[in-house]
Amino acid sequence: MLKISGLNSFYGRAHILFDLALEANKGEVVVLLGRNGAGKSTTMKSIIGLVQPSAGSIEFEGKSIERQSPYRIARAGLGYVPEERRIFTDLTVMENLEVGRQPSRDGAPTWTPERLFDLFPNLGRMKDRPGGRMSGGEQQMLTIARTLMGNPRLILLDEPSEGLAPVIVEQMANTIRELKREGLAVLLSEQNLHFSEMVADRAYIVEKGRIRYSGSMADLMRDTEVRAAFLQV
Amino acid sequence: MLANIVIQFMNGLAGASSLFLVAAGLSIIFGVSRIVNFAHGSLYMLGIYLAYTFVEFFGRGSILGFWGAVLFGALSVGVIGAVIEIAVLRRIYRAPELFQLLATFALVLIIKDVALYIWGAEDLLGPRAPGLRGAVEILGKRFPQYDLVLIVIGPVVLGLLWLLLNRTRWGTLVRAATQDREMVGALGVNQAWLFTSVFFLGAFLAGLGGAVQLPREPAQLMLDVTTISDAFVIVVVGGMGSIGGAFVAALLIAQIKAFCIGIGDVTVFGIVFSFSKLTLVVEFIVMAIVLVVRPWGLLGKPQGSQRGASTVEPLMLPLNKGFWAITVGLLLALTALPLVGDDFLLVLFIDIAIFAVFAAALHFLMGPAGMVSFGHAAYFGLGCYGAALLFLKLKWPMELALIGSPIVAGIGALVFGWFCVRLSGVYLAMLTLAFAQIAWSVVFQWDAFTGGSNGLIGIWPSAWAKDKTIFYLLAMAICAGCVILLWRVVHAPFGYVLRAGRDSPLRVDAIGIDLRRFQWYGFALAGAVTGLAGGLYTFSKGSISPETLAIPRSVDGLVMVLLGGVQTLTGPVVGAALFTWLQDEIARNTEYWRAILGFTVLAIVLAFPAGVAGFAKIAWTRMRARPEAGGQAA
């Protein structure tokens with residue numbers, strides 16, 4: 001479904017990603033693990049087009065998208081949930097959802113505000129609250145809901161568990177499993193191994209802009225050596 | 001008495017409508033695109049002209065014809081705005097904010113000459129609105145019927161805009177884009193389309209503001225600058241991006257203006273206060289007070305910077321030996337100019353030297369110190385008038401008057417700067433504009449001291465410097481001295497503090513530096529250096545007028561700095577030389593020098609989004625860079 005190879009990205013003169021390659025298949029939850037500054041967010045931004053890669057190919061459902069603008073990539077069925085959430089703080093919950101709304105598409109679940117409020121009951125209780133007056137956890141739910149309004153086939157979740165209370169992290173894991181059941185593919189970036197274990201089928205480890213490990217989540221959990229080398233602080 | 005007050009109040013309401021329309025358009029465009037559209041007053045002007053043409057076409061007499069003309073005029077301006085967005089602005093959204101400003105300056109010049117070409121230089125007064133030519137009687141006073149319509153238009157448009165922004169998907173997208181346009185794009189919204197439609201709406205509102213004024217004021221070519229400064233004041237007083245704020249501010253300022261005209265002269269304890277003279281400047285006084293008390297405007301909120309639009313200022317490296325060698329070589333070559341050039345060329349180069357200092361000082365303020373001034377001509381003018389008055393009134397010789405000019409301007413900059421450094425960004429720029437306008441209005445109206453609109457004449461250099469060659473060498477020496485001083489300051493600890501303060505005021509404060517004080521001194525230094533340029537200007541021309549500190553002069557300075565490139569130290573000098581030479585060269589050969597200058601600037605903006613000197617620097621770096629280091633810059 002999503003196939004990246006030879007990806008190189010820069011911030012100004014700083015070379016961030018080196019020949020990065022990864023894949024995500026239909027109905028699969030794939031996690032990109034790595035420490036702070038490893039290049040996880042840059043990978044996500046390169047896929048959605050917010051960072052223009054200098055080289056490499058990104059294919060989504062057989063079409064190359066690496067030279068397209070973010071709105072075209074989003075309309076192709078790729079949803080992006082940024083790490084910093086980027087809620088429109090002046091807009092209400094309903095209005096935030098409205099900004100994300102796109103026509104329904106074949107082969108992807110169709111979301112309405114009502115369906116999303118079933119998934120995130122908290123949001124349904126604060127439809128008219130401005131985004132700026134919500135807690136961090138509520139904002140995290142809203143940013144995912146907003147992206148789902150675009151009816152994506154694959155969703156990029158950039159560190160969804162970051163800064164959330166343990167009980168909310170648990171909810172987040174349930175949400176991701178629910179999305180998988182709906183038939184969505186998920187590519188998430190994480191530092192939280194425990195959280196990843198709850199949701200992911202496969203894992204990549206990225207370090208200093210290079211993929212250093214790839215395998216099933218279960219294999220990774222057994223491989224203490226790899227974890228010690230790349231993930232422990 | 002009561003009747004008078006009511007009528008003045010109604011006059012204020014009528015005047016507020018048009019101001020509100022223009023300001024609302026400016027505010028919406030700024031909100032989404034973060035472009036401060038200097039051409040917005042030009043769109044207003046086009047609104048009046050186009051409505052005039054359509055009225056002539058549809059017939060002056062018919063009601064449908066008149067309102068049809070108003071509507072078509074406004075719609076045409078909307079389309080022009082959309083075309084401008086597609087043809088020019090879309091290409092430079094990623095360029096530094098100041099560069100976008102430069103592009104809109106260029107548009108002002110072009111639109112002015114297009115209007116001159118189509119409609120000529122004479123004022124065109126439209127017909128009075130058919131069916132609304134009479135007056136109604138209010139408390140025994142007559143009040144024009146048409147003004148009653150205007151009073152209604154403002155609130156109606158406010159209501160429609162509110163509905164559009166709060167009750168439609170388009171409005172939701174616009175409000176979202178105002179906060180984070182990049183995220184809106186990542187959610188699948190085509191920003192290009194959104195931006196074009198926002199420009200259409202903003203331009204339409206400006207055009208409508210102009211078109212409805214057709215029966216009240218003649219269409220003329222000065223409307224662009226006067227309107228844009230009014231619109232800026234209203235947007236800033238109301239709070240950038242707040243439509244409701246713009247409405248309140250338009251009401252407030254129109255009321256105060258109407259009452260100043262209504263009150264006229266008042267004598268208190270034998271002293272005559274002329275309130276009508278205040279109308280030229282009262283809005284700027286209001287703005288200055290509001291900005292000092294409420295730095296974000298009446299209904300505004302602190303501006304978050306637009307995501308995805310910010311650029312990191314490149315590092316200014318210490319000047320190396322090669323740079324100094326080139327500078328000294330160039331100076332020596334310039335010293336030899338009188339051997340080959342005639343007096344005419346010397347005069348041109350004296351002008352270039354003067355404006356190089358002006359631009360270098362403005363650049364020091366805008367670039368390293370990060371404080372953009374829209375009213376830097378104030379300090380140029382203070383230097384001019386300081387030198388002239390010291391020479392004429394106190395009979396000081398040229399040498400002393402030249403020393404006095406930076407002191408006068410420096411004191412002015414200390415006073416104005418004390419207020420300005422309390423603000424940042426567009427608000428700071430607006431306050432500098434307000435102070436410049438206040439200074440201009442004092443000079444313009446104080447006939448007894450400054451000669452009023454006639455200015456001052458007969459200010460000539462001392463006998464030894466009368467010869468053009470000598471004066472040229474003097475100008476070059478002063479220019480080199482000032483520019484090198486500013487370069488030196490940028491690389492002194494004082495300059496480090498200013499540059500650090502530009503990049504992160506919070507961190508500078510956090511390490512225990514009183515940033516505001518440093519910025520204040522920086523402001524004063526820039527003002528004083530500019531004042532010296534003004535003094536030199538006075539003695540090179542022999543006479544001065546209030547134009548030395550009017551808005552167009554400030555704009556010239558901005559264009560010079562931006563043309564050269566904000567990010568290089570040599571930029572302002574290159575920009576000043578290029579601008580002065582272009583202006584001189586083109587103005588001698590054609591009536592439409594503004595348009596040619598505008599197109600030249602636009603071409604440069606589109607071709608070299610880092611300024612001329614900036615482009616040369618990048619090209620130089622690329623040439624010297626090893627091939628494998630030539631990675632893609634995001």
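Letters A, B, ... mirror the listed sequences (proteins, then strands); counts begin at 1.
Using a 4.5 Å cut-off between heavy atoms, Arg72(A) makes no contact with chain B at all. For Ile87(A), the part sitting under 4.5 Å from any heavy atom of chain B is the backbone (N, CA, C, O) and nothing else. Of the atoms belonging to Thr89(A), heavy atoms from both backbone and side chain fall under 4.5 Å from chain B.
Formation of a donor-acceptor pair under 3.5 Å by the Arg169(B) side chain with backbone atoms of Arg101(A) is found in this model. A donor-acceptor distance shorter than 3.5 angstrom exists from the side chain of Gln102(A) to the backbone of Gly188(B), with no hydrogens or angles considered.
Between the CZ atom of Arg86(A) and the CG atom of Asp180(B) there is a distance of 4.0 Å, given to the nearest 0.5 Å. The line from CG of Leu187(B) to CG of Asn96(A) is 9.0 Å long, rounded to the nearest 0.5 Å. A distance of 6.5 Å separates CG of Asn166(B) from CD of Glu95(A), quoted to the nearest 0.5 Å.
Options Ile48(A), Thr147(A), Leu50(A) differ in how many heavy-atom pairs under 4.5 Å they form with chain B, and the most are formed by Leu50(A).
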Under the side chain to side chain contact (heavy atoms under 4.5 Å, CB included) rule, what do Arg75(A) and Asn190(B) come out as? Steps first, then yes or no, please.
-> CA-CA 10 Å; Arg75(A) 285 185 183 184; Asn190(B) 183 354; 3.9 Å; yes

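The shortest distance between side-chain heavy atoms of Asp90(A) and Arg175(B) does not fall below 4.5 Å. The shortest side-chain heavy-atom distance between Val184(B) and Phe88(A) falls under the 4.5 Å cut-off.
Taking both residues in full, the closest heavy atoms of Tyr71(A) and Val189(B) are given as CB-O, 3.2 Å, listed atom of the first, atom of the second, then distance.
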